[in-house]
Amino acid sequence: MATVTLEGRTYDAVPGEAVLTTLLRQGEAVPHSCRSGVCRSCLLRATHGTPPPSSQKPLKNTLQAQGFFLSCIATPESDLTVALPSDDMIGHTSARLLSREPLAPEIFRLIFQTEEPFAFFAGQFVTVRHNHSSGLRRSYSLATPSHSEGFLELHIRRLPGGQLSSWLCDKLELGARVDLFGPEGSCFYLPDDPTRPLLLIGTGTGLAPLVGIVRDALAQGHTGPIQLFHGSRHADGLYLQEELRALADTYPNLSYTACTSATGLRADATAFAAIPNTAGWRVYLCGNPEMVRSAQRKAFLLGANLTDIYTDPFVRAVTTP
């Protein structure tokens with residue numbers, strides 16, 4: 001049986017159990033959220049022993065070389081000594097809340113301003129840390145174009161029982177500062193071919209990174225077709241419609257389509273009906289994980305190269321019993 005040691009405390013790992021689960025079971029305060037290897041909130045560093053390769057694969061080579069791994073998907077095969085990463089290892093900045101406004105029922109737009117230069121690509125995500133609970137962190141995508149002069153826009157859905165989303169949407173005072181970590185993610189605009197057609201499909205607040213990508217592409221002079229499809233179960237979940245329609249009126253290469261699945265118009269199905277051949281297209285898929293997986297497969301079968309399909313599935317946080 002493998003053991004996991006954190007700050008001098010050693011615990012036996014149950015066979016088949018992830019490092020994160022072992023530590024949480026013993027009452028250790030390890031930051032975490034999705035518990036499926038997506039959000040990266042559970043990042044740890046192995047100081048002795050070797051983490052499973054699969055738990056390092058999603059990380060940059062520079063992080064892998066330093067022993068970092070995703071503890072939620074790491075089932076140890078031998079004894080591990082681990083440490084929580086210091087904030088400066090994964091990128092950190094402080095930001096002040098400038099404004100907050102409702103966009104739809106339970107969806108809010110929050111605008112932050114960083115206290116120092118913060119480089120990112122539109123569509124990447126940052127992880128927000130609760131000011132009063134260092135172990136409580138959640139990841140949110142950036143809806144801001146990359147040249148934003150320190151302003152960061154997040155679209156946050158207030159979830160029932162969501163500790164951090166409720167704090168951000170209801171309790172965080174204007175002017176208050178929060179800690180942000182990142183940026184992370186590979187779902188962002190690439191200016192290498194401004195004539196390349198872009199297909200963007202999102203559901204719910206999966207619109208946030210896509211809005212950032214669209215804004216960034218237009219700001220950088222993208223001339224190829226840009227087709228954005230946003231889906232929600234009901235019409236009241238669609239937001240930024242007036243803003244996006246005005247943007248489409250301004251830029252003739254941009255089209256925007258709103259879809260409601262309750263009426264039989266799924267965003268992915270509507271998009272692929274409009275674009276039955278995705279060869280040569282760069283495809284961005286964000287939001288519901290099931291939709292992202294299904295649309296990724298469909299886009300590939302319709303001709304898109306896998307290397308041209310960028311995904312950001314929004315996995316909800318799992319509450320530890």
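Not measured: the values here are computed from a predicted model. Throughout, residue positions are numbered sequentially from 1 according to the sequence presented.
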Between Leu306 and Met291, is there a shared hydrophobic cluster once you connect ILVMFWY residues whose side-chain heavy atoms come closer than 4.5 Å?
yes

Salt-bridged, Glu106 to Arg158, with N to O below 4.0 Å?
yes

Of the options Asn305, Thr307, Asp192, which is the one that meets Arg282 in a side chain to side chain donor-acceptor pair (under 3.5 Å)?
Asp192

Using 0.5 Å steps for rounding, measure from the CD atom of Glu116 to the CZ atom of Phe118.
9.0 Å

Distance col, row Leu210:CG vs Cys286:SG, nearest 0.5 angstrom, shows 4.0 Å

Check each of Tyr239, Tyr284, Tyr256 against His230 using the ring pair (Phe, Tyr, Trp, His ring centres under 6.0 Å) test, and report the only one that passes.
Tyr239

Counting only heavy atoms not in Glu290, do more than 12 sit closer than 6.0 Å to its CD atom?
no

Check the surroundings of atom OH in Tyr11: do more than 12 heavy atoms from other residues, nucleotides or ligands lie under 6.0 Å from it?
yes

Are Phe121 and Asp216 packed together at the side-chain level, in the sense that at least one heavy-atom pair is separated by less than 4.5 angstrom?
no

Decide yes or no on side chain to side chain contact (heavy atoms under 4.5 Å, CB included) for Leu228 and Thr257, but give the supporting numbers first.
CA-CA 6 Å; Leu228 170 62; Thr257 305; over 6 Å; no

Any chance you could lay out the side chain to side chain contact (heavy atoms under 4.5 Å, CB included) test for Leu152 and Phe120, step after step, and finish with the verdict?
CA-CA 10 Å; Leu152 303 178; Phe120 65 92; 3.5 Å; yes

Is it true that atom CZ of Arg297 has more than 12 heavy atoms of other residues, nucleotides or ligands lying nearer than 6.0 Å?
no

When rounded to the nearest 0.5 angstrom, what is the spacing between CD in Glu17 and OG1 in Thr22?
3.5 Å

Might you work through the side chain to side chain contact (heavy atoms under 4.5 Å, CB included) test for Leu84 and Leu44, ending with a clear yes or no?
CA-CA 5 Å; Leu84 293 168; Leu44 294 180; 3.4 Å; yes

Residue among Val19, Val4, Leu6 satisfying side chain to side chain contact (heavy atoms under 4.5 Å, CB included) with Ser71:
Val19

Surrounding CZ of Arg266 (heavy atoms of other residues, nucleotides or ligands, distance under 6.0 Å), is the total greater than 12?
no

Heavy-atom donor-acceptor pair, Gln124 side chain to Gly185 backbone, under 3.5 Å
yes

Nearest 0.5 Å please: distance from the CG atom of Leu164 over to the NZ atom of Lys171.
11.0 Å

Applying side chain to side chain donor-acceptor pair (under 3.5 Å) to His222 and Gln220, what does each step give before you reach the verdict?
CA-CA 6 Å; His222 193 91; Gln220 296 194 52; over 6 Å; no

Can you tell me if CD on Glu101 sees more than 12 non-hydrogen neighbours from other groups inside 6.0 Å?
yes

Examine distances only and state if a side-chain atom of Thr278 and a backbone atom of Ala299 form a donor-acceptor pair shorter than 3.5 Å.
yes

Measure from NZ or CZ of Arg137 to the centre of the six-membered ring of Phe181, then state whether that distance is under 6.0 Å and the direction lies within 45° of the axis.
yes

Evaluate side chain to side chain donor-acceptor pair (under 3.5 Å) for Thr195 paired with Thr223, printing each intermediate quantity in order.
CA-CA 5 Å; Thr195 64; Thr223 57; 5.7 Å; no

Does Arg233, at its CZ atom, have more than 12 non-hydrogen atoms belonging to other residues, nucleotides or ligands within less than 6.0 Å?
no

More than 12 heavy atoms of other residues, nucleotides or ligands under 6.0 Å from CD of Glu77: is that the case?
no

Between Asp308 and Arg196, does at least one N-O distance fall below 4.0 Å, as a salt bridge requires?
yes

Quick one: does Leu240's side chain get under 4.5 Å of Arg109's, heavy atoms only?
yes

d(Leu24 CG, Cys42 SG) to nearest 0.5 Å is 9.5 Å

Are Leu198 and Val214 close enough that some pair of their side-chain heavy atoms sits under 4.5 Å apart?
no

Run the side chain to side chain contact (heavy atoms under 4.5 Å, CB included) test on Leu180 and Val178 for me, step by step, so that the C-alpha distance in whole Å, both residues' side-chain angles and the decisive distance to 0.1 Å come before the verdict.
CA-CA 6 Å; Leu180 304 178; Val178 297; 4.0 Å; yes

